[in-house]
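A quick write-up on the structure given underneath.
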Amino acid sequence: MEAGSAEAARHAETCPRCAARLADVRWLAGVLREVAVEARTLEAPPRVEAVVMRAFRERQAARRSWWPVWAAAAAALAVAGFVAGVWGARTLPPPPAVPVAAIPAAPTAPAAPAPRVARAVKRPPRPARQPKTEVATEFIPLPYGSDLPRLERPRMLRMRLPRTALWSVGLPMNVERALEPVKADVVFDEDGMARAIRFVK
Amino acid sequence: MKASRMNGHVSDEELLRRMAAGDAEAFAALYRSRQAAIYRYALHMSGSGEAAADVTQEVFLQVGRDGRGYRPERGTAAAYLFGIARNLVLKHLARARAQAPLQEVAAPDLLADVTRRETIDAVRKAVLSLPEHYREAVVLCDLEEMDYSEAAAALGCAVGTVRSRLHRGRAMLLEKLRPRRGVTHELSGV
């Protein structure tokens with residue numbers, strides 16, 4: 001405390017009023033120190049440590065248990081993409097023969113942008129876009145998803161996942177379409193941990 | 001209180017970093033290092049052991065959930081933990097006021113026999129009777145022996161604000177405890 005400064009002490013030697021004030025401040029510092037010393041043995045009850053450690057370990061275990069599922073899902077998606085690409089290349093019919101004259105010559109150098117030509121004919125107005133109709137399941141909570149209402153800053157991302165993700169949350173899957181990805185909305189919490197998922201068609 | 005307590009050879013900041021990466025031993029070490037100070041802070045602020053235990057538990061549950069919320073550039077690990085504790089304590093005090101708005105912390109019995117035990121109790125009650133923003137400055141700086149910069153980081157204010165609140169809080173304590181002290185003159189200008 002400032003009361004201990006040499007300058008204040010020197011002044012107090014010649015000023016009774018300040019001497020009394022300095023004595024009060026020192027007294028207060030002393031009693032506050034006694035309160036602090038007496039409180040040093042105080043600590044949280046043992047049950048608090050048990051609760052926080054259990055919560056921490058459960059959270060870590062839940063994160064580890066979901067890693068294999070999502071890793072497998074990501075790997076399956078990569079394989080599905082490769083197989084779809086190879087399958088498509090094998091099964092697509094050969095393109096029809098096109099007369100050579102109809103094929104425009106490919107430019108050999110970057111061409112200058114063509115001058116704009118005013119269109120003499122107005123384009124018919126585009127029809128208004130009809131909103132796509134989607135059907136989705138309810139949100140299915142993932143581990144710790146029961147805390148979903150208490151999320152403070154959740155984020156939802158639209159993803160394409162391997163169809164096996166349906167199995168991972170207990171939904172049926174058409175095995176014949178196993179290689180086809182499925183659309184899903186995934187809710188993430190602030191930690192980037194997936195909390196809930198719904199599938200969209 | 002040192003700005004960065006070392007657990008053996010590991011600072012609290014390093015323990016937080018390891019904990020955020022999933023190290024349970026680091027989390028346990030951090031808890032054991034800081035739980036008592038957090039508990040005492042909440043106890044001095046609320047006057048309730050049960051509330052202090054709840055606050056301590058919630059601080060570390062929150063840290064365990066959101067360990068990546070700590071930013072070293074913003075302050076020490078202690079300031080981070082006390083900042084969380086402060087928010088929780090203030091919420092608790094607001095709830096307590098809402099539930100029992102007419103209840104007040106009893107003023108210290110200034111006419112009681114002057115014994116060490118009673119003096120300590122009287123000082124504790126006087127601290128509890130301070131307005132919250134003065135109380136937390138006195139608790140952090142005088143009872144938990146934080147330095148001004150660390151207290152300022154925990155309270156989210158400037159060092160000058162901590163000093164002025166501390167000065168005013170101490171003056172109010174002296175006024176409340178004056179009869180016990182035996183002061184006969186006015187303390188003006190404080």
Next on the checklist: Quick one, A/Val35 and B/Val127 - any side-chain contact, counting heavy atoms below 4.5 Å?
Outcome noted: no
Checklist outcome for this item: For B/Ala36 and A/Glu43, the nearest pair of non-hydrogen atoms, with its separation, is CB-CB, 3.8 Å
Checklist outcome for this item: All heavy atoms of B/His44 vs all of A/Ala39, minimum pair found to be NE2-CB, 3.8 Å
Item to check | Distance (rounded to the nearest 0.5 Å) between B/Leu143 CG and A/Glu38 CD | outcome: 11.5 Å
Item to check | Spatial distance of atom CZ (B/Phe27) from atom CZ (A/Arg59) [nearest 0.5 Å] | outcome: 11.0 Å
Checklist entry - How close do A/Arg57 and B/Glu25 get, heavy atom to heavy atom, and via which atoms? => result NH2-OE2, 4.3 Å
Checklist entry - Can you find a pair of side-chain heavy atoms, one from A/Trp27 and one from B/Leu174, that are under 4.5 Å apart? => result yes
Checklist entry - Can you tell me how far CD of A/Glu49 sits from CZ of B/Arg32, rounded to the nearest 0.5 angstrom? => result 4.5 Å
Checklist outcome for this item: So NZ of B/Lys176 and CG of A/Leu28: to nearest 0.5 Å the spacing works out to 12.5 Å
Checklist entry - What heavy-atom pair brings A/Ala44 and B/Tyr31 nearest, and what distance separates the two atoms? => result CB-OH, 3.8 Å
Item to check | Distance, nearest 0.5 Å, that separates CG of B/Leu177 from CG of A/Asp24 | outcome: 10.5 Å
Next on the checklist: Measuring only between side-chain heavy atoms, which start at C-beta, is B/Gln35 closer than 4.5 Å to A/Val48?
Outcome noted: no
Next on the checklist: Quick check on B/Ala28 against chain A: is it the side chain, the backbone, both or neither that has a heavy atom closer than 4.5 Å?
Outcome noted: both
Checklist outcome for this item: Residue from A/Thr41, A/Val52, A/Val31 scoring the most non-hydrogen pairs under 4.5 Å with chain B is A/Val52
Item to check | Part of B/Val139 lying under 4.5 Å from any heavy atom of chain A | outcome: neither
Checklist entry - If every non-hydrogen atom of A/Ala36 is compared with every non-hydrogen atom of B/Asp142, which pair is closest and at what distance? => result CB-O, 4.1 Å
Next on the checklist: Would the distance check show the side chain of B/Tyr39 and the main-chain N or O of A/Leu42 forming a donor-acceptor pair, the cut-off being under 3.5 Å?
Outcome noted: no
Item to check | B/Ile38 portion near chain A, given a 4.5 angstrom heavy-atom threshold | outcome: neither
